[in-house]
Amino acid sequence: MIARNRGWRRGGRGLGRRAAVAAAIVLMGPWLGGEAAGQQEEKAKASHRIEDGMAQEVPEFKDRGSWIRHDLWVEAEFDSDGDGKRDRMHVAVTRPGQTESEGLKVPAIYVSSPYFAGTAGDADSLMWNVRQELGAPPKPREAPPEITPRVNRPILSNSEVGDWVPRGFAVVHSSSPGTGLSQGCATVGGDNESLAPKAVIDWLNGRATGYTSPDGDETVEADWCTGKVGMTGTSYNGTLALAAATTGVDGLEVIIPVAPNTSYYHYYRSNGLVRSPGGYLGEDIDVLYDFIRSGNPDRRDYCDCTVRDGEMAGNQDRQTGDLNGFWAERDYLNDLGPMKAACLMSHGFNDWNVMPEHSIRIYEALKAKGVPAQLYMHQGGHGGPPPLDMMNRWFTRYLLGVENGVEEGPRAWIVREEADRGDPTPYPDYPNPEAEPVTLHPTAGAPKVGGLAIDEPAPQGTETLVDNVSFDGQTLAKAEWTNHRLLFATPELSEAVHISGTPRLTIRLAASKPAVNLSAWLVALPWEEGRGTAITDNLITRGWADPQNAGSLTESEPLVPGAFRALSFDLQPDDQVIAAGQRIALMIFASDRDFTLWPEPGTELTVDLDATRLELPVVGGAEAMSRAIAEEEPAGVPD
């Protein structure tokens with residue numbers, strides 16, 4: 001059984017072991033002698049220590065032997081597993097011993113997750129088969145393996161504990177619905193995933209009931225908590241921090257989501273195109289459901305039938321990739337109305353799993369809404385929290401009420417290329433306020449490399465590529481000659497170019513079939529390889545789209561073979577300095593081996609070069625870009 005009897009308060013039914021010991025010492029004062037009793041009374045109580053606007057470690061709080069750890073179940077306001085009873089969420093608490101021995105009240109830093117009890121180990125066996133024709137019904141998936149949950153553990157998680165308990169915060173963890181010992185069904189973005197952490201925050205504020213067991217009636221209170229709560233977490237855990245904030249729950253003062261998935265449609269689709277998250281080819285929302293469903297086996301059949309085989313199977317639509325109500329309900333941008341918690345977003349510009357647009361879109365909406373918001377962006381991949389001092393300032397400001405001015409600082413903190421993640425560069429905002437869109441035009445060159453110019457060229461007609469998913473994007477970008485992509489590059493840069501913002505591609509195309517994948521990469525040439533190659537050396541950013549959704553994300557319109565169609569779509573946002581000596585190149589191709597479905601090779605995609613352009617956000621605008629790509633005048637011929 002899980003240890004859960006260590007020093008908690010049980011609805012006023014007892015002081016707990018540590019409090020009882022402290023009370024006994026006080027009562028024994030007269031027998032300890034006058035001097036000893038006086039020393040006991042004069043002993044200063046432990047309290048928070050603030051320096052430079054940050055909570056510092058306090059020796060009394062660092063004593064791990066005095067920490068109080070216990071778990072409980074908080075009753076939520078929903079019944080998602082259909083058993084006729086409100087679901088209870090499994091919660092674990094780690095707090096300084098002084099919250100018991102000295103009556104100290106502390107704020108809480110809270111992480112919720114579907115992963116604490118374990119997941120389906122063999123993720124590859126869960127995936128959809130991506131080898132299929134576009135627009136065809138997908139091939140059925142194999143039955144998922146059962147998850148053996150890790151539930152007989154003394155604690156739920158140790159994340160955040162070592163950083164924050166010594167600084168005088170409690171750290172709270174909870175398993176999301178339908179995972180571990182939390183009741184309910186996993187829904188992967190359903191309303192219960194927002195309401196579950198809300199219930200825990202309500203419990204920390206005395207508005208919801210906690211119990212010492214999942215089914216009993218013995219209650220436990222959080223009378224050690226000030227009621228102020230901050231949430232953080234990476235990936236799915238960061239998503240749940242945002243989900244809780246969208247409820248507008250009182251007491252949630254600040255969130256620091258790291259690489260959060262803010263829209264499941266944006267995670268599994270791109271502009272109408274069925275697309276996998278990077279590194280998980282064939283994943284879709286029902287795959288993630290099977291990966292995390294570690295909850296009560298007795299309710300699993302109900303959850304599988306209702307959620308995965310009912311709602312998900314009927315609405316996820318891998319055949320067209322269209323946006324519908326199911327996906328709209330799982331987009332937190334649509335739920336921001338009640339949100340009032342301050343927010344520090346953290347993300348990597350080279351995160352091809354949860355792509356950077358997820359944080360940028362929320363950040364921009366929060367700014368417009370007037371909610372205190374800042375960005376910390378680095379050049380790496382998935383994950384990567386802000387520096388501890390930065391997080392500390394946010395938690396100290398909003399949980400301890402210290403006026404350290406954190407919300408008045410620069411809005412954007414961006415780690416520059418090759419810099420340490422602990423040393424971000426401050427900017428007034430993101431995108432860089434000095435960035436302006438520069439229109440670049442492709443010039444013919446297929447099957448070799450064409451040009452990319454500021455000046456609009458004379459009419460030049462079309463170029464055609466042949467889809468072949470056998471070649472990945474890296475191979476196509478490095479190729480000197482291939483008919484499987486179109487590649488357009490600027491002249492070699494004479495000075496660095498700073499890109500900041502979201503590039504946008506406008507393209508007019510025709511296909512030889514009613515459906516075709518469309519992929520676009522922005523790369524720096526020459527393509528570098530070798531041990532010293534940095535993540536920012538080659539790929540700048542990329543994007544995908546379904547030409548069938550050129551006019552509407554909610555309704556596909558099949559292509560007429562040979563007929564041209566125009567569309568515009570965003571690539572992923574970026575902030576990167578492209579060094580002098582490199583060339584900025586736009587690569588257009590069809591199937592992206594690492595992200596899209598895999599149709600049979602052979603579909604022809606024809607691009608109208610005269611109606612195709614790239615808008616690139618450049619710091620300094622057209623003037624800076626023109627300087628960087630200006631080619632030297634050839635030397636005169638002597639008489």
Side-chain angles (χ1 to χ4, degrees), residues 110-112 188-191 193-194 197-198 230-249 252-271 277 323 327-378 382-386 390-391 394 398 406-407 410-414 424 427 429-432 500-502 541 543 553 570-575 617:
Y110 172 30
V111 182
S112 186
V188 192
D191 286 345
E193 286 193 351
S194 300
K198 174 185 180 297
M231 289 190 71
T232 190
T234 298
S235 196
Y236 208 139
N237 304 358
T239 299
L240 295 178
L242 178 63
T246 63
T247 68
V249 58
L252 181 56
E253 306 295 334
V254 58
I255 62 171
I256 306 179
V258 181
N261 173 358
T262 65
S263 164
Y264 284 92
Y265 187 78
H266 284 75
Y267 189 59
Y268 291 118
R269 308 287 185 265
S270 275
N271 301 295
L323 177 65
W327 293 111
E329 291 171 358
R330 286 165 167 77
D331 187 337
Y332 295 105
L333 187 64
N334 298 330
D335 298 332
L336 289 183
M339 181 172 169
K340 55 182 182 288
C343 181
L344 170 63
M345 304 291 292
S346 177
H347 220 117
F349 280 121
N350 287 282
D351 185 347
W352 304 115
N353 177 3
V354 182
M355 300 191 189
E357 66 174 339
H358 283 271
S359 284
I360 300 301
R361 63 202 295 270
I362 298 298
Y363 168 69
E364 291 176 345
L366 292 179
K367 279 197 306 180
K369 182 177 165 58
V371 173
Q374 287 184 10
L375 273 177
Y376 166 83
M377 304 291 292
H378 58 82
H382 189 50
M390 183 177 288
M391 297 180 69
W394 280 75
Y398 290 102
V406 69
E407 73 277 20
R411 283 189 176 271
W413 296 81
I414 297 174
Y427 292 91
D429 206 349
Y430 178 85
N432 190 310
S500 181
T502 301
T541 188
L553 280 182
D570 290 342
L571 279 61
Q572 289 296 313
D574 195 22
D575 193 295

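The distance from atom CZ of Arg411 to atom OH of Tyr363, rounded to the nearest 0.5 Å, is 5.0 Å. To the nearest 0.5 Å, the span separating OG on Ser263 from CZ on Arg269 amounts to 11.0 Å. Atom-to-atom distance recorded for Thr232:OG1 and Tyr110:OH is 13.0 Å, nearest 0.5 angstrom. The line from CG of Leu333 to CD1 of Ile362 is 5.0 Å long, rounded to the nearest 0.5 Å. Annotation: the span from Tyr376 atom OH to Ser359 atom OG amounts to 12.5 Å, rounded to 0.5 Å.
Side-chain contact between Trp413 and Pro386 is absent, with no heavy-atom pair separated by less than 4.5 Å. Side-chain contact between Leu375 and Ile360 is present, with at least one heavy-atom pair separated by less than 4.5 Å. Two residues are said to be in side-chain contact when any heavy atoms from C-beta on lie closer than 4.5 Å; Ser235 and Val354 meet this criterion. Inter-residue side-chain proximity for Val254 and Leu344 is flagged as unmet; no heavy-atom pair is nearer than 4.5 Å. Residues Met391 and Val258 fail the side-chain proximity criterion, which asks for heavy atoms closer than 4.5 Å. Considering only heavy atoms from C-beta on, Leu252 comes within 4.5 Å of Met231 through its side chain.
No donor-acceptor pair under 3.5 Å is formed between the side chain of His382 and the backbone N or O of Thr234. Between the side chain of Glu357 and the backbone N or O of Pro573, no donor-acceptor pair lies under 3.5 Å. A donor-acceptor pair under 3.5 Å links the side-chain atoms of Asn334 to the main chain of Ala328, judged by distance alone. At least one donor-acceptor pair under 3.5 Å links the side chain of Glu193 to the backbone N or O of Val188. No donor-acceptor pair under 3.5 Å is formed between the side chain of Lys340 and the backbone N or O of Val371. Remark: the backbone N or O of Val406 is paired with a side-chain donor or acceptor of Gln374 at under 3.5 angstrom. The backbone N or O of Ala243 lies less than 3.5 Å from a partner atom in the side chain of Thr246, making a donor-acceptor pair. Checking side-chain atoms of Thr262 against main-chain N and O of Tyr332 turns up no donor-acceptor pair under 3.5 Å.
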Between Tyr265 and Asp331, does a side-chain contact (heavy atoms from CB on, under 4.5 Å) hold up when you go through it step by step?
-> CA-CA 7 Å; Tyr265 187 78; Asp331 187 337; 5.9 Å; no
side-chain contact (heavy atoms from CB on, under 4.5 Å) between Leu242 and Met339, intermediate numbers included | CA-CA 9 Å; Leu242 178 63; Met339 181 172 169; 4.0 Å; yes
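Taking the six-membered ring for Trp and thresholds of 30 and 60 degrees, His358 and His266 have ring planes more than 60 degrees apart, a perpendicular arrangement. Classified by interplanar angle (parallel below 30°, tilted 30° to 60°, perpendicular above 60°), the ring pair Tyr268/Tyr264 is parallel.
Here the closest heavy-atom approach between residue Ser500 and residue Tyr430 is recorded as OG-CE1, 3.7 Å. The two residues Met345 and Pro260 have their closest heavy-atom pair at CE-CG, 3.8 Å. Considering every non-hydrogen atom in both Pro424 and Met390, the closest pair reads CG-CE, 4.2 Å. In this structure, Leu240 and Pro197 approach most closely via the heavy-atom pair O-CG, 4.1 Å. Ser346 and Gly384 make their closest contact through OG-O, 2.9 Å (heavy atoms, listed as atom of the first residue, atom of the second, distance). In this structure, Gly501 and Pro617 approach most closely via the heavy-atom pair C-CG, 3.6 Å.
Environment of CG in Asp191: sparse, with no more than 12 heavy atoms of neighbouring residues, nucleotides or ligands closer than 6.0 Å.
A salt bridge is defined here as a Lys NZ or Arg NE, NH1 or NH2 lying under 4.0 Å from an Asp or Glu carboxylate O, and Asp570 with Arg361 fails to meet this definition.
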